[in-house]
Amino acid sequence: MSGDGHTSAAAMAAQICDQIRSVFSSPPLPLPPALDVLVAEVSAAAAANGRVFVYGVGREGLMMKALCMRLFHLGLHAHVVGDVTTPPISPGDLLLASAGPGGFSTVDAICGVAKSAGARVVLLTARPGSGSGASRCADAVAYIPAQTMADDEEEGGAPSQAVRLPMGSLYEGAMYVLFEMVVLRLTEALKQTPAQLRSRHTNLE
């Protein structure tokens, strides 16, 4: 792409990384950092021998599945809601659910079921004050201050970024980076070694 007026791959990557970095340097709401919330909640579930369930829709759901895989590698009983082998949720368990725009009908419903079953519910979102069903069920909120698909696109004038991530990609990219930090913190908190994580990786591939 170099030489034809388009942004080079390296420059584009730098701009995308800068946008994701900005999410973690945004002025915080009166809420604890998402990293601290997730590490504390998962650590508490692990200490109580509880199970961790994850749920999200679309690309958010893919990020949640990636987190679930690493939680399993860390030795936790981790499950993706909707898998055919997912057990029933019960008291002492933890549901991590993502709804970047604040709520989705399925996320709202699943959070409601988990809450009714006595499980603890943590909502990952960019809009903690949305008033959605999921936000009303949440025992804790992991606030990710990133643009989601629900945010209005800029109209007129030059864009604020030379590369503008579309349709919620900034939120999803921030989720991935956040989850990597969560796993690093949990590896220390749970006293896991790289060898232990690797030992739990599937050999059916």
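In this text the structure is predicted, and so the values were computed from the model without any measurement.
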### Message
Side-chain heavy atoms nearer than 4.5 Å, only ILVMFWY residues, links allowed to pass through others: does that put Leu96 and Val39 together?
### Response
yes
#### Entry: Inter-residue atom distance Ile89.CD1 - Lys115.NZ, 0.5 Å rounding
11.0 Å
### Query
Does any non-hydrogen side-chain atom of Leu31 lie less than 4.5 Å from one of Pro128?
yes
### Query
Listed by chain and number, what are the side-chain contact (heavy atoms from CB on, under 4.5 Å) partners of Ala134, not counting sequence neighbours?
Val107, Asp108, Cys111, Leu123, Ser132
### Ser98 to Met175 - nearest heavy-atom pair and separation
OG-CE, 3.6 Å
### Task
List the atom of Ala146, the atom of Tyr171, and the distance in Å for their closest heavy-atom pair.
CB-CA, 3.6 Å
### Message
Filter on salt bridge (charged side-chain N to carboxylate O under 4.0 Å, His left out), then keep only pairs touching residues 37-58, sequence neighbours left out; what's left?
### Response
Glu41-Arg120, Arg51-Asp93
### Query
Among all residues two or more places apart in sequence or in another chain, which pass the side-chain contact (heavy atoms from CB on, under 4.5 Å) test with Ser25?
Ser22
### Task
Identify, with sequence neighbours excluded, every residue that meets side-chain contact (heavy atoms from CB on, under 4.5 Å) alongside Pro32.
Val37
### Query
Tell me the ring-ring contact (aromatic ring centres under 6.0 Å, His included) pairs involving residues 94-141, sequence neighbours left out?
none
#### Entry: Residues that Thr193 engages under side chain to side chain donor-acceptor pair (under 3.5 Å), provided they are two or more places apart
Gln196
### Query
Does any non-hydrogen side-chain atom of Tyr55 lie less than 4.5 Å from one of Thr86?
no
### Task
Starting from the C-alpha separation in whole Å, work towards a yes-or-no answer on side chain to side chain donor-acceptor pair (under 3.5 Å) for Ser169 and Arg59.
CA-CA 8 Å; Ser169 289; Arg59 286 162 51 101; 3.2 Å; yes
### Task
Keeping to residues at least two apart or across chains, list the salt bridge (charged side-chain N to carboxylate O under 4.0 Å, His left out) pairs with something in residues 193-205.
none
### Query
So if you build clusters from Ile, Leu, Val, Met, Phe, Trp, Tyr with side-chain heavy-atom gaps below 4.5 Å, do Ile144 and Leu62 land together?
yes
## Note on the structure
Of all heavy-atom pairs linking Phe53 and Pro87, the shortest is CE2-O, 3.3 Å
### Query
With sequence neighbours excluded, what pairs up with Phe24 under the side-chain contact (heavy atoms from CB on, under 4.5 Å) test?
Ile20, Ala174, Val177, Leu178, Met181
### Residues which pass side chain to side chain donor-acceptor pair (under 3.5 Å) with Glu180, listed by chain and number, not counting sequence neighbours
none
### Query
In terms of hydrophobic clusters joined by side-chain contacts under 4.5 Å, are Tyr176 and Val52 together?
yes
### Task
To the nearest 0.5 angstrom, please state how far the CG atom of Leu184 sits from the CZ atom of Arg70.
10.0 Å
### Query
Any side-chain heavy-atom pair from Leu186 and Leu38 closer than 4.5 angstrom?
no
### Message
Using the rule given for side-chain contact (heavy atoms from CB on, under 4.5 Å), can you reason through Leu35 versus Val182, listing the C-alpha separation, both sets of side-chain angles and the distance that settles it, and then say yes or no?
### Response
CA-CA 6 Å; Leu35 175 59; Val182 167; 3.7 Å; yes
### Query
Taking C-beta and beyond as the side chain, do Val122 and Val42 meet within less than 4.5 Å on heavy atoms?
no
### Query
In the single-linkage hydrophobic clustering (I, L, V, M, F, W, Y; side-chain heavy atoms under 4.5 Å), do Met69 and Leu197 co-cluster?
no
### Query
Which pairs with one or both residues in residues 29-38 pass salt bridge (charged side-chain N to carboxylate O under 4.0 Å, His left out), sequence neighbours excluded?
Asp36-Arg185
#### Entry: With Glu60 via salt bridge (Lys or Arg N to Asp or Glu O under 4.0 Å) - residues at least two apart
none
### Task
Look at the side-chain heavy atoms of Ile, Leu, Val, Met, Phe, Trp and Tyr, link any pair under 4.5 Å apart, and say whether Val183 and Leu190 land in one connected group.
yes
### Query
Can you list every pair that meets ring-ring contact (aromatic ring centres under 6.0 Å, His included) and has a residue in residues 181-205, with sequence neighbours left out?
His73-His201
#### Entry: Ser130 to Pro101 - nearest heavy-atom pair and separation
CB-O, 4.3 Å
## Note on the structure
Heavy-atom closest pair (Val23 atom, Pro145 atom, distance to 0.1 Å) is O-CG, 3.3 Å
## Note on the structure
Between Val121 and the options Ile110, Asp139, Val113, the side-chain contact (heavy atoms from CB on, under 4.5 Å) test singles out Asp139
#### Entry: Straight-line distance of Ile16 CD1 to Leu170 CG, nearest 0.5 Å
10.0 Å
